[in-house]
Amino acid sequence: QVQLMESGGGSVQAGGSLRLSCLVSGEISNYYCMGWYRQVPGKAREGIATIDKGDARNYRGSVQGRFTISKDNAKNTLYLEMNDLRPGDTATYYCAALPHFDGGAWCGPERYNMDYWGQGTLVTISS
């Protein structure tokens with residue numbers, strides 16, 4: 001069973017930055033797809049950014065140019081660098097992984113059917 005654990009959440013003022021990390025218990029170098037998602041209470045979870053086995057990255061439009069997804073295969077860790085944060089970015093952020101392609105949707109922010117999820121880390125942005 002693969003386990004994912006996020007860290008790095010917290011409270012910052014608008015315009016600030018945070019870096020989220022997601023430590024994975026398995027070896028991620030050959031994982032088909034990994035991603036970051038966020039959810040606000042009462043709203044649906046939304047995909048933010050994904051990265052595939054070949055390091056191709058895809059972003060939700062609202063975070064394009066502000067957020068950067070990356071991974072360190074040697075450390076089995078996924079990252080999300082978040083800059084120019086806005087109050088609308090306040091949410092619980094989750095990382096997720098799909099080790100093997102299952103014939104479903106491609107690796108992009110619209111993909112929600114992932115095999116493994118972390119427990120989430122809260123990000124709060126004040127104005």
Check: Glu81 and Ser70 side chains under 4.5 Å, non-hydrogen atoms: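 No, their side chains stay 4.5 Å or more apart.
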Would you say the side-chain atoms of Glu6 pair up with the backbone N or O of Cys22, donor to acceptor, closer than 3.5 Å?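 Pair absent, no side-chain N/O of Glu6 close to backbone of Cys22.
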In Å and rounded to the nearest 0.5 Å, what is the OH to CZ distance from Tyr32 to Arg111?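 Rounded to the nearest 0.5 Å, the OH-CZ separation comes out at 6.5 Å.
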Shared ILVMFWY cluster between Leu98 and Tyr59, side chains joined below 4.5 angstrom?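 Each belongs to a different hydrophobic cluster.
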From Arg66 atom CZ to Arg60 atom CZ, the distance as rounded to the nearest 0.5 Å: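 If we round to the nearest 0.5 Å, Arg66:CZ and Arg60:CZ are 11.5 Å apart.
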Dump the intermediate steps for side-chain contact (heavy atoms from CB on, under 4.5 Å) on Met82 and Asp89, then the final yes or no. CA-CA 10 Å; Met82 305 186 293; Asp89 295 318; over 6 Å; no
If you take all heavy atoms of Ile69 and Met34, which pair is closest and at what distance?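 Heavy atoms only, the tightest pair is CD1-O, 4.1 Å.
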Same apolar cluster: Tyr112 and Phe101, side chain cutoff 4.5 Å: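 The answer is yes; both residues are in one hydrophobic cluster.
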May I ask you to decide if the ring planes of Phe67 and Tyr93 are parallel, tilted or perpendicular, using 30° and 60° as cut-offs?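 Ring orientation, 0 to 90° scale: tilted.
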With respect to Tyr31, which candidate in Asp115, Val2, Asn76, Leu78 satisfies the side chain to side chain contact (heavy atoms under 4.5 Å, CB included) definition?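 Result: among Asp115, Val2, Asn76, Leu78, Val2 is the only option passing the side chain to side chain contact (heavy atoms under 4.5 Å, CB included) with Tyr31.
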Tell me, which pairs form a side-chain hydrogen bond (donor to acceptor under 3.5 Å, both in side chains) where one or both residues lie in residues 44-53, sequence neighbours left out?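 side-chain hydrogen bond (donor to acceptor under 3.5 Å, both in side chains) check on residues 44-53 returns Arg38-Glu46, Gln39-Arg45.
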Donor-acceptor under 3.5 Å (Trp117 side chain, Leu4 main chain):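 Not confirmed, Trp117 side chain does not pair with Leu4 backbone.
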